[in-house]
Protein chains: 2
Amino acid sequence: MRPPEKPDFDAVDAIEHAWRRERPETPVRSIGVISRVWHAAKLLGDDRRRTLAALGVDQATLDLLSTLRRAGPPYRMTPAQLAEQCLVSAGAISQRVVRAEADGLVHVERTASGRRTRHVELSARGHHVVEVTVDRLLTHEQELLDDLSDEQQERLADLLRVLLAGLRTRLGAPDEPGQVGDQR
Amino acid sequence: MRPPEKPDFDAVDAIEHAWRRERPETPVRSIGVISRVWHAAKLLGDDRRRTLAALGVDQATLDLLSTLRRAGPPYRMTPAQLAEQCLVSAGAISQRVVRAEADGLVHVERTASGRRTRHVELSARGHHVVEVTVDRLLTHEQELLDDLSDEQQERLADLLRVLLAGLRTRLGAPDEPGQVGDQR
DNA sequence: CGGTAGATGTTTAGGTCTAAACATCTAGGA
DNA sequence: TCCTAGATGTTTAGACCTAAACATCTACCG
């Protein structure tokens, strides 16, 4: 019903193979997983950028809006919460918020002096953008996975879950549970 | 010996859960795979940037140099070949080459008028950077996968291979086998 | 009540990428 | 031979990101 487990000799297999040929001592064991994760993220990211461009949004903004939307009423979060959820630095959030506010997609509540943001809240317009965009994006992306059976998708998700748990403890915990702008 | 298949309720599970709660009609099936791929790529990429910064190189440059190194003697490729292998646009390669040349990491052979690059070739210095960097990077990254057993790593790689094969036909084939700067 | 340390936001410099407009090259036909 | 179409490189405008310096807040302590 579906192609067998190993489709073909892969572009990533070629990388591994090339290293083995050129530098036999090089430790290539991680390549099979890491390069493929990287490669898949690249293909998916490029596709998402194009898909969203066609819908008139950009990834960074939709990420911001979706995060607020998912949080549920009153659709309001602090910059720190957004940074943690969106997996980007606090500085990146500052910039995203400026753009989104300029586009009328969010309302920003500031401290007395107006120099710092207290909360970011989805505007009616921002809300609307999410409603008309997210389902289309996710439906499209679901189709991209059609070469894997439901069971394969589940197994893949489970293995990635293990990988992520490991990465989080190894990379995301040098200081604290929720720190330097990584996590989700 | 190793933690069970499903470590915990995940940050990605939380996203899926939140959508189900806030918008029950939203098709969330792809999230388990795609968000985790994305998330893993982000953690790995951030870590790689920091690791390489400590070694005094940057990702983009090392990618270029490694690709030339892996190609084997005479360590020389055209911009088009580099773009295909490195998974970035031709424009990005132009920029990488300018920087690498300025740093003496590659030699560039140009057409008569000198306006276009014919080949990019690894210099002795570029060669050296690869030698002292790649093994350390790959050894480090291998450790990041230690939470998965060898067998799990293999199953993960195999499932990602299937995923990538599908993505390539669905996204990378609208024109031709090797086109718009995607592939590897 | 200050004062101040730590937490939280913002700014900026530097780097990277894509898309698309543009420039250059190269082969094959007339 | 010339000439042009298509292939291949380069440039530039616009986005985005991180890191690190900086600014602002806030809460606790004396």
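Quick note on labels: first sequence line is chain A, next is B, and so on, each numbered from 1. Values in this document were obtained by computation on a predicted structure and should not be read as measured data.
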A.B. asks: Quickly work out the B:Arg110 CZ to D:dT8 P distance and round it to whole Å.
C.D. replies: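 So the two atoms are 19 Å apart, to the nearest Å.
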A.B. asks: Expressed as a whole number of angstroms, how long is the span from B:Asp46:CG to C:dT16:P?
C.D. replies: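 It is 15 Å, rounded to the nearest whole Å.
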A.B. asks: Identify, between A:Gln95 and B:Pro79, the residue whose nearest nucleotide on DNA chain D lies closer to the 5' end.
C.D. replies: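 The answer here is B:Pro79.
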A.B. asks: Heavy atoms under 4.0 Å, any strand shown: does B:Ala92 hit a base, just sugar-phosphate, or nothing?
C.D. replies: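 Base contact.
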A.B. asks: For A:Asp103, enumerate each residue passing the salt bridge (charged side-chain N to carboxylate O under 4.0 Å, His left out) test, keeping only those at least two apart in sequence or located in another chain.
C.D. replies: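 Salt bridge (charged side-chain N to carboxylate O under 4.0 Å, His left out) check on A:Asp103 returns nothing, list empty.
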A.B. asks: List the residues meeting salt bridge (charged side-chain N to carboxylate O under 4.0 Å, His left out) with B:Arg125, not counting sequence neighbours, and say none if there are none.
C.D. replies: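 For B:Arg125 there are no salt bridge (charged side-chain N to carboxylate O under 4.0 Å, His left out) partners, ignoring immediate neighbours.
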A.B. asks: Going by the ring pair (Phe, Tyr, Trp, His ring centres under 6.0 Å) test, which pairs reach into residues 76-121 of chain B, not counting sequence neighbours?
C.D. replies: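 Output for this query is empty, none listed.
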A.B. asks: Flag yes if more than 12 heavy atoms outside A:Arg136 fall under 6.0 Å of its CZ atom; otherwise flag no.
C.D. replies: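 Counting neighbours around CZ of A:Arg136, 12 or fewer heavy atoms of other residues, nucleotides or ligands fall under 6.0 Å, so no.
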A.B. asks: Could you pull out all residues at least two apart from A:His128 that satisfy ring pair (Phe, Tyr, Trp, His ring centres under 6.0 Å)?
C.D. replies: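 With neighbours one apart ignored, the set is empty.
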A.B. asks: Using the ring pair (Phe, Tyr, Trp, His ring centres under 6.0 Å) criterion, which residues pair with B:His127? Sequence neighbours excluded.
C.D. replies: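 Result, ring pair (Phe, Tyr, Trp, His ring centres under 6.0 Å) vs B:His127: B:Tyr75.
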A.B. asks: Taking only residues two or more places apart in sequence or in another chain, which ones pass salt bridge (charged side-chain N to carboxylate O under 4.0 Å, His left out) with B:Arg96?
C.D. replies: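 With neighbours one apart ignored, the set is B:Asp63.
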A.B. asks: With a 4.0 Å heavy-atom cut-off, tell me which residues in residues 53-61 of chain B come close to DNA chain C, sorted by residue number.
C.D. replies: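 Per residue number, the list reads B:Asp58, B:Ala60.
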A.B. asks: Between D:dG9, C:dT10, D:dA19, spot the one nearest the side chain of B:Arg50, thanks.
C.D. replies: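 Of D:dG9, C:dT10, D:dA19, D:dA19 is nearest to the side chain of B:Arg50.
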A.B. asks: Of all the nucleotides listed (D:dC17, C:dT16, D:dT10), which has the minimum atom distance to the side chain of B:Lys42?
C.D. replies: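 When the side chain of B:Lys42 is considered, D:dC17 is the closest of D:dC17, C:dT16, D:dT10.
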A.B. asks: Nearest to the side chain of B:Ala90, heavy atoms from C-beta on, is which of D:dT10, C:dT10, D:dC16?
C.D. replies: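 The closest nucleotide is D:dT10.
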A.B. asks: Using nucleotides 24-26 of chain D, report all nitrogen or oxygen pairs with the protein that are shorter than 3.5 Å.
C.D. replies:
residue : atom : partner  : partner atom : Å
D:dT24  : OP1  : A:Arg115 : NH2          : 3.3
D:dT24  : O2   : A:Arg116 : NH1          : 2.8
D:dC25  : OP1  : A:Thr111 : OG1          : 2.9
D:dC25  : OP1  : A:Ser113 : OG           : 2.2
D:dT26  : OP1  : A:Arg118 : NH1          : 3.3

A.B. asks: Compare all side-chain heavy atoms of A:Val12 with those of A:His39 and state whether any distance is below 4.5 angstrom.
C.D. replies: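 Sidechains of A:His39 and A:Val12: in contact.
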A.B. asks: Rounded to whole angstrom units, what separation is found between the CD atom of A:Glu101 and the P atom of C:dT10?
C.D. replies: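 The answer, rounded to whole Å, is 10 Å.
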A.B. asks: Taking the minimum atom-to-atom distance to the side chain of A:Thr117, which one of C:dG9, D:dC16, D:dT10 wins?
C.D. replies: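 Between C:dG9, D:dC16, D:dT10, the one nearest the side chain of A:Thr117 would be C:dG9.
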A.B. asks: A:Arg99: what forms a salt bridge (charged side-chain N to carboxylate O under 4.0 Å, His left out) with it, not counting sequence neighbours?
C.D. replies: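 In terms of salt bridge (charged side-chain N to carboxylate O under 4.0 Å, His left out), with neighbours along the sequence ignored, A:Arg99 is linked to no residue.
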A.B. asks: Closest approach to the side chain of B:Val88, judged atom by atom: which nucleotide of D:dC17, D:dT10, C:dT18 is it?
C.D. replies: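 My answer, after comparing the listed nucleotides, is C:dT18.
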A.B. asks: Whole angstroms only, please: what is the CD-P distance between A:Gln81 and C:dT8?
C.D. replies: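 Taking CD of A:Gln81 and P of C:dT8, I get 10 Å after rounding.
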